[in-house]
Peer 1: 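Dropping a structure here in structure tokens format, bear with me for questions.
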Amino acid sequence: MRTRSVPRGSTLAFAIVFALVGATPTLAKDEAPLDLTTVFAQLSGDDAKARKAAGTTIAKMDVTAVPSLIRPAVKMGDGTGREALLAALKRLGPDDVLAAIVASRSEWPENTEEVERLIEEIRALRKVKPTKVTLKRTVLKEPRRIPPDAELPVDGAIPFALAGAVCAVEEKGGRLQVDTDGDGKFDAKVDPAKPKPLKVGPRNARRTILVHWRLDRWYAGAAELAVGKYKGSTIEILDTDLSRSFDGDIDVIAVDGGAFRPHRIGEFLHTKNGPVRYEIEQTRKKTTMFITPEPRPKSADKGMLRAVDTLNAWRNAVGMPPVNIDLPRSASCRKHADYWKEHGFTGHDETVGEKAYTKDGALAGLRSSVSSDADPARVMDHITATILHRITCIGSSDEGVGVASGPGSVLWGGRVDTTSRTLPVLVPAPGQVDVPLALRPEMPLPERDAGYYSVPHGYPISVSFRGLWEDVSDSLLVIYEEDDPKKAIPGQLFSAEFPYRSTNTHPGTTAFCADEPLTKDTWYVAHFTAMSGAAKIDFTWTFRTQ
């Protein structure tokens with residue numbers, strides 16, 4: 001069965017009016033401003049000649065003005081008028097139209113389902129043939145990559161949710177003995193130092209799991225994997241619902257060796273060949289992906305796209321879906337950068353009444369990560385290793401990111417919202433390798449230590465759970481070296497109870513920074529505990545430094 005779904009919409013965090021919202025769209029070159037009210041009245045009318053004329057008018061628009069069509073388009077409904085509109089957009093160029101609309105998400109009306117419907121209609125106009133990629137079934141052999149919510153502790157038996165039968169276990173001689181089929185006989189052994197894939201459960205419904213030891217106990221997790229190649233990128237899907245198919249709602253996907261993330265068809269993937277969308281065809285014996293490259297807006301310059309690609313490569317590594325460039329936010333970021341041209345680098349601030357001051361630019365300054373470094377890609381890479389400004393990098397994929405540069409860089413990310421996830425955003429991610437060793441400095445300074453950045457500290461380990469859990473308290477993050485429960489790393493905790501600054505409690509995130517840089521080429525285990533109301537949260541995960 002071929003499965004397909006449309007990306008989820010969400011209500012935007014701020015009702016902000018950007019430049020294009022109130023702008024009057026223009027025709028190509030220097031032609032007269034376009035009266036959308038009249039054009040859509042003609043499109044919706046009974047006069048076929050008027051509809052054709054209105055369609056011709058739209059087909060002559062500058063593509064940068066296409067987002068201004070969204071609101072009237074989603075209101076017009078079905079019928080000949082909509083057909084005329086789509087025909088006009090096809091003449092304008094479906095790739096350019098699609099890229100312009102997707103890259104203007106911050107302007108979308110709240111009725112995002114209708115916008116998504118319009119986008120799918122525009123996608124159907126494209127003349128792009130999907131690449132067919134056959135995924136091969138294999139077995140995951142690295143337990144460190146299993147997300148914490150896809151594994152369970154082993155206590156007396158392999159968890160029934162994984163085995164589908166009562167498969168008893170027993171420790172003997174330091175090894176775990178396993179009754180793999182529930183017949184009362186131990187027929188497999190697992191060494192703590194050697195994780196082992198096992199087929200468990202009833203003989204007519206065997207499931208492959210990976211049994212392993214971490215820190216102070218045994219775990220078992222899903223291990224059936226499907227792997228394929230797309231233009232130099234490796235795509236993996238882990239069958240976490242143990243259905244022996246790879247299109248389940250709770251299956252997880254990874255790109256280019258990054259961490260696994262929730263697998264939602266209709267979202268983007270960031271590949272070495274740029275952004276793509278995908279569909280899956282799942283039969284009893286075969287898993288096939290259909291991958292289609294996603295167009296990018298022509299008005300986004302190379303610096304903007306390089307910054308977004310840098311961000312998305314990092315998001316791949318930590319198991320987050322990619323984000324798109326957002327052109328309206330970028331336009332506001334540009335205004336803030338223009339303010340710096342007049343006054344020098346002023347950080348987040350603009351002064352009302354001064355030359356080059358704008359409300360949009362001032363708002364972008366307040367909402368963005370800013371730096372005096374004029375290379376936005378380099379700034380993006382820098383802030384992934386900070387405590388506070390990392391928030392720009394882990395925003396929801398339902399929002400885009402604004403990028404601009406001038407005397408410095410302005411990066412406007414989305415709000416952090418893990419409501420749709422089953423696991424917080426973990427940085428570094430489970431199984432992530434090549435993790436940097438050290439924290440990078442930022443402003444403002446932590447209140448507890450004004451000299452905090454005068455000496456090097458370890459790369460920040462963070463758990464971001466805003467929207468996933470409510471009433472979180474007593475959060476604690478402990479890092480152990482080399483899977484040894486006796487080697488807890490000394491460092492400082494940043495949380496709601498121990499904030500970075502009293503004016504910025506960074507709600508929904510707990511972070512830990514070791515007192516010294518992490519050790520090169522070393523595996524670490526992170527152990528997070530907290531209370532969500534009366535419920536105890538307790539899980540571990542593993543990562544390795546570069």
Side-chain angles (χ1 to χ4, degrees), residues 138-159 161-163 167-182 185-201 206-225 227 236 238-240 242 252 254 257-260 317 319 426 428-435 437 458-459 461 477-489 514 518-529 538-546:
T138 184
V139 174
L140 181 68
K141 296 181 180 179
E142 176 50 85
R144 299 178 180 95
R145 294 189 66 202
I146 302 176
D149 58 342
E151 65 180 11
L152 293 168
V154 175
D155 186 12
I158 301 296
L162 294 174
C167 298
V169 302
E170 178 182 278
E171 276 199 272
K172 190 174 182 179
R175 296 180 176 179
L176 187 72
Q177 300 190 82
V178 183
D179 171 12
T180 63
D181 56 9
K185 298 177 181 179
F186 295 116
D187 52 1
K189 295 180 181 179
V190 185
D191 189 295
K194 298 179 179 179
K196 191 171 186 178
L198 297 177
K199 288 188 177 294
V200 298
R206 304 285 269 177
R207 302 171 175 182
T208 303
I209 63 171
L210 188 57
V211 179
H212 60 100
W213 175 268
R214 181 189 301 131
L215 206 61
D216 58 358
R217 66 192 309 177
W218 291 97
Y219 290 88
E224 295 216 19
L225 195 65
V227 182
E236 303 167 287
L238 184 64
D239 178 23
T240 53
L242 303 170
V252 291
F260 288 104
L426 307 177
Q432 186 176 346
V433 296
D434 294 331
V435 174
L437 306 182
Y459 185 80
I461 318 303
L477 187 52
V478 182
I479 312 301
Y480 299 92
E481 186 176 343
E482 296 287 7
D483 204 9
D484 188 339
K486 296 180 181 179
K487 292 185 177 180
I489 306 299
L518 302 180
T519 304
K520 184 179 180 180
D521 194 21
T522 300
W523 284 102
Y524 287 87
V525 177
H527 184 195
F528 179 76
T529 57
D538 189 331
F539 61 84
T540 61
W541 78 97
T542 310
F543 60 89
R544 191 186 74 193
T545 51
Q546 59 191 14

Peer 1: Is the shortest heavy-atom distance from the side chain of Y480 to the side chain of D216 under 4.5 Å?
Peer 2: no
Peer 1: How close do A488 and V478 get, heavy atom to heavy atom, and via which atoms?
Peer 2: CB-CG1, 4.1 Å
Peer 1: For F186 versus E170, what's the shortest heavy-atom pair and its separation?
Peer 2: CZ-CB, 3.6 Å
Peer 1: Looking only at atom types and distance, does a side-chain atom of D181 sit under 3.5 Å from a main-chain N or O of G201, one as donor and one as acceptor?
Peer 2: no
Peer 1: So which heavy atom on A254 is nearest to which on F260, and how close?
Peer 2: CB-CD2, 3.6 Å
Peer 1: So which atom in A163 and which in I158 form the shortest heavy-atom distance, rounded to 0.1 Å?
Peer 2: CB-CG2, 3.9 Å
Peer 1: Considering non-hydrogen atoms only, spot the tightest contact between L162 and A220 and give its length.
Peer 2: CD1-O, 3.2 Å
Peer 1: Kindly say whether W523 contributes a backbone atom to a donor-acceptor pair with the side chain of D483 at under 3.5 angstrom?
Peer 2: no
Peer 1: Should T180 and K199 count as side-chain neighbours, where that means a heavy-atom distance under 4.5 Å?
Peer 2: no
Peer 1: Show, in sequence, the C-alpha distance, side-chain angles and deciding distance for R544 and V435, and conclude whether the side-chain contact (heavy atoms from CB on, under 4.5 Å) test is met.
Peer 2: CA-CA 6 Å; R544 191 186 74 193; V435 174; over 6 Å; no
Peer 1: With heavy-atom distances below 4.5 Å as the criterion, would you say the side chains of V154 and P159 are in contact?
Peer 2: yes
Peer 1: To the nearest 0.5 Å, what is the distance between CG (D239) and CG (L225)?
Peer 2: 9.5 Å
Peer 1: As an exercise, state the distance from CZ of F543 to CG of L518, rounded to the nearest 0.5 Å.
Peer 2: 6.0 Å
Peer 1: If you round to the nearest 0.5 Å, how far is OG1 of T208 from CG of L140?
Peer 2: 11.0 Å
Peer 1: Where does the angle between the aromatic ring planes of W218 and W213 fall among parallel (under 30°), tilted (30 to 60°) and perpendicular (over 60°)?
Peer 2: perpendicular
Peer 1: Flag the pair C167 / L198 as yes when at least one side-chain heavy-atom distance between them is below 4.5 Å, and no otherwise.
Peer 2: no
Peer 1: Do P428 and I461 have side chains that approach each other closer than 4.5 Å (heavy atoms only, starting at C-beta)?
Peer 2: yes
Peer 1: Return the NE2 to CH2 distance between H527 and W541, rounded to the nearest 0.5 Å.
Peer 2: 10.0 Å
Peer 1: I'd like to know if the side chain of K196 reaches the main chain of K189, judged simply by a donor and an acceptor atom lying under 3.5 Å from each other, with no hydrogens or angles considered.
Peer 2: yes
Peer 1: Would you say the side chain of T540 lies within less than 4.5 Å of the side chain of Y219, judging by non-hydrogen atoms?
Peer 2: yes
Peer 1: Only one of K172, K185, E171 passes side-chain contact (heavy atoms from CB on, under 4.5 Å) with Q177; say which it is.
Peer 2: K172
Peer 1: State whether the side chain of T545 and the backbone N or O of L437 hold a donor-acceptor pair below 3.5 Å, judged by distance alone.
Peer 2: no
Peer 1: Nearest 0.5 Å please: distance from the OH atom of Y524 over to the CZ atom of R144.
Peer 2: 13.5 Å
Peer 1: What pairs meet the side chain to side chain donor-acceptor pair (under 3.5 Å) rule with one or both residues in residues 147-156, with sequence neighbours excluded?
Peer 2: D149-T422, E151-H212, E151-R214
Peer 1: Examine distances only and state if a side-chain atom of R207 and a backbone atom of A223 form a donor-acceptor pair shorter than 3.5 Å.
Peer 2: no
Peer 1: Which heavy atom of L242 sits nearest a heavy atom of A222, and at what distance?
Peer 2: CD2-CB, 4.0 Å
Peer 1: Is the CZ atom of R206 crowded by more than 12 outside heavy atoms at less than 6.0 Å?
Peer 2: yes
